[in-house]
Amino acid sequence: MSVVIPEPSRTFNEYLLIPRYSSSECVPANVSLKTPLVKFRKGETSAITMNIPLVSAIMQSVSGDRLAVALAKEGGISFIYGSQSVENEAAMVARAKNHKAGFVTSDSNLRPDDTLADVVALKERTGHSTAAVTDDGTANGKLLGIVTSRDYRVSRMAPDLKVSEFMTPLEKLICAPEGTTLKDANDIIWDHKLNSLPIVDKNGRLLHFVFRKDYESHKENPDELLDADKRYVVGAGINTRDYETRVPALLAAGADVLCIDSSEGFSEWQKRTIQWIRAQYGDTVKVGAGNVVSAEGFRFLADCGADFVKVGIGGGSICITRETKGIGRGQATALIEVCHERDRYFEETGVYVPVCSDGGIVYDHHVTLALAMGADFIMLGRYFARFDESPTQKINIGGTYYKEYWGEGSARARNWQRYDLGGDKKLSFEEGVDSYVPYAGKLKDNVATTMSKVRSTMCNCGALSIPELQKNAVLTLVSAVSIKEGGAHDVIQKNAAEPIK
């Protein structure tokens, strides 16, 4: 006889937080949203700590290199999608890692005999307006000059004009020698009102650039998440098929953390993947696993050596796994059970394995509910797909702008690896849909609003940190009638009364 759980599995919409006592110190400005990303032992700290509890989903329509940069600026991490070639994913990781650093290796390089047409093509390809001119056109050739957008006008110059004729030559540049500290480099930039400062060795070969915009960016984004070399922290998705080639390429590109992308993680395939990574790299490579919806599933992945565990099956807005296969669990119930098991595992082993809640988030307050239920951080797909920085097109439909958004289990994504059960290499049936989501503008503005709501709610609960919220939060189930009561009701809203134009 199969096991039947009599209690219904529940969603975030069926819970509310009960306010707790708030002291005068409990104001949003004092709330810390720092949270561990990867496992750590009792008395130690996580090797990667995020400044906000948000990561982006491993999806084609969500996590490209532009979104990785934008989210890292806010203190979170993007997991660049793995349902593409190894080379393309590694290139995305590399672009995000090289977008900002204290010392940047130039990826826009020219030879003196290149032409204006080559300059324009290079700018279109890289998006960078500053290019180094070296004797051999490489990032570490002998520096001869630089080209910026101030050096040429496409409308008034011939496309075949040589770079050597309009570049800013070396004798007019201010450079710094090898060994210059980042602080000194920034001082030189400000003292001489420069936009960039080339760092050269004793033989005049280019080593790095230091950019004014990177300093300004840091001041504008105090929560940005950086590695030891002041580059953005970037994650990447892997699967359980080609990890032996994909993992080394992603690590070489600079990926800080990996995550197995799978609709169901309670499997031998994930165990094999983690075991291979541990055999090759030990604990130096951080890898998350999932997804699971039970205590048993969590313990399996924790024992396998996962650095964090993702929770959620079928709760995503574009996921139809529950519909097509009849498996899954309400996200709130799954999360509560797994987080209880996470805490038991910590008591037994002294190892804390962070839990990521993946799916089921519809409103901003669901993020706070997920944290109160025990999640260390939240993975979001639809939320991030709406922003300028997601990889999809913005489309005008009937006067309203939307962004494209499709599931990894859809025919469009063809991501059979995510639903791999060890059989043929094909997508037998769809477990996701192709859709649109309302366009919402810039990531920065929206994340700031969401995090402001989270901080405010935490203050209502008397919590100044996520661990405090998890320890002290009181949640209550709500009835269908009280859910209706919670929104605007029994009034005619002004915008609803306006005529349709």
Side-chain angles (χ1 to χ4, degrees), residues 3-12 14-15 17-18 20 34-50 53 55 257 259-260 262 264-268 270-271 274-275 278 283 286-313 315 327-360 367-379 461 463 465-477:
V3 175
V4 177
I5 300 174
E7 298 83 11
S9 64
R10 301 187 181 279
T11 68
F12 294 132
E14 296 176 77
Y15 288 90
L17 285 157
I18 301 295
R20 305 295 304 276
K34 290 183 179 296
T35 192
L37 178 75
V38 296
K39 68 182 179 184
F40 57 93
R41 293 193 172 276
K42 189 173 184 179
E44 300 177 354
T45 57
S46 177
I48 304 176
T49 298
M50 296 190 293
V55 300
V257 59
C259 185
I260 303 172
S262 174
E264 208 285 290
F266 195 176
S267 74
E268 183 178 346
Q270 296 222 358
K271 182 179 181 179
I274 297 170
Q275 285 179 337
R278 294 291 174 247
D283 291 328
K286 308 304 179 185
V287 56
N291 288 19
V292 298
V293 290
S294 66
E296 186 184 14
F298 170 85
R299 187 166 285 264
F300 170 79
L301 290 177
D303 287 340
C304 286
D307 284 291
F308 64 85
V309 173
K310 286 203 297 158
V311 176
I313 295 176
I327 64 168
R329 202 173 193 183
Q331 186 66 10
T333 298
L335 183 61
I336 290 169
E337 180 176 309
V338 168
C339 289
H340 280 317
E341 187 66 16
R342 185 264 323 275
D343 293 342
R344 281 193 290 269
Y345 191 85
F346 182 48
E347 290 174 7
E348 294 172 15
T349 67
V351 177
Y352 186 91
V353 181
V355 167
C356 169
S357 179
D358 178 17
V367 172
T368 319
L369 284 170
L371 295 172
M373 290 173 182
D376 295 282
F377 55 97
I378 320 298
M379 178 171 278
C461 296
S465 68
I466 291 173
E468 276 188 33
L469 178 69
Q470 293 168 342
K471 180 181 178 181
N472 300 325
V474 176
L475 296 114
T476 181
L477 277 167

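When a residue number appears, it is its place in the shown sequence, counting from 1.
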Does some side-chain heavy atom of Gln331 sit less than 4.5 Å from a side-chain heavy atom of Ser357?
yes
Find the distance between OG (Ser262) and CD1 (Ile313) and round it off to the nearest 0.5 Å.
8.5 Å
Kindly indicate whether the side chain of Arg342, heavy atoms from C-beta on, has any atom under 4.5 Å from the side chain of Val309.
no
CD1 of Ile466 to CE of Met50: how many Å apart, nearest 0.5 Å?
8.0 Å
Shortest non-hydrogen contact between Ala473 and Leu17, atoms and distance
CB-CD2, 3.9 Å
Just by distance, do the side chain of Arg329 and the backbone of Val293 share a donor-acceptor pair under 3.5 Å?
yes
From the list Arg41, Lys39, Arg278, salt bridge (Lys or Arg N to Asp or Glu O under 4.0 Å) partner of Asp283 resolves to Arg278
dist Leu477:CG -> Tyr15:OH (nearest 0.5 Å) comes out at 4.5 Å
Compare every heavy atom of Asn291 with every heavy atom of Gly312, then report the nearest pair and how far apart it is.
O-ND2, 2.8 Å
Side-chain donor/acceptor of Thr35 to backbone N/O of Asp376, under 3.5 Å
yes
For Glu341, all residues meeting side-chain contact (heavy atoms from CB on, under 4.5 Å), sequence neighbours excluded
Ala295, Phe298, Arg299, Arg344
Please examine the side chains of Val257 and Asp307, heavy atoms only from C-beta on, and report whether any two atoms are closer than 4.5 Å.
no
Assess whether atom CD of Glu44 is packed by more than 12 heavy atoms of other residues, nucleotides or ligands within 6.0 Å.
yes
So, the side chain of Glu264 versus the backbone of Gly328: is there a donor-acceptor pair under 3.5 Å, distance only?
no
Just wondering, more than 12 heavy atoms not from Glu268 lying within 6.0 Å of its CD?
no
Should the pair Phe266 and Phe300 be assigned to parallel (<30°), tilted (30 to 60°) or perpendicular (>60°) ring geometry?
tilted
side-chain contact (heavy atoms from CB on, under 4.5 Å) with Ser46: which residues, sequence neighbours excluded?
Pro36, Val38, Phe40, Thr49
Strictly distance-based, threshold 3.5 Å: is any side-chain N or O of Thr333 a donor or acceptor partner for the main-chain N or O of Arg10?
yes
Restricting to side-chain contact (heavy atoms from CB on, under 4.5 Å), what partner residues turn up for Glu468, sequence neighbours left out?
Ala463, Leu464, Ser465, Asn472
Hey, could you give me the CZ/CG distance between Phe377 and Leu371, rounded to the nearest 0.5 Å?
11.0 Å
Taking all atoms of both residues into account, what is the closest heavy-atom pair of Ala289 and Ile260, and its distance?
CB-CD1, 4.2 Å
Ignoring hydrogens and geometry, is there a side-chain-to-backbone donor-acceptor pair from Glu348 to Tyr345 under 3.5 Å?
no
Do side-chain atoms of Gln470 reach the backbone of Ala375 as a donor and acceptor pair under 3.5 angstrom?
yes
Closest non-hydrogen contact found for Gly265 with Gln270 is CA-NE2, 3.4 Å
Do other residues, nucleotides or ligands put more than 12 heavy atoms under 6.0 Å from the CD1 atom of Ile18?
yes
Spacing of Arg20 atom CZ and Leu469 atom CG [to the nearest 0.5 Å]
10.5 Å
Measuring from atom CE of Met373 to atom CD of Glu337, what distance do you get when rounded to the nearest 0.5 angstrom?
13.5 Å
Is it the case that over 12 heavy atoms from other parts of the model lie below 6.0 angstrom from the NZ atom of Lys286?
yes
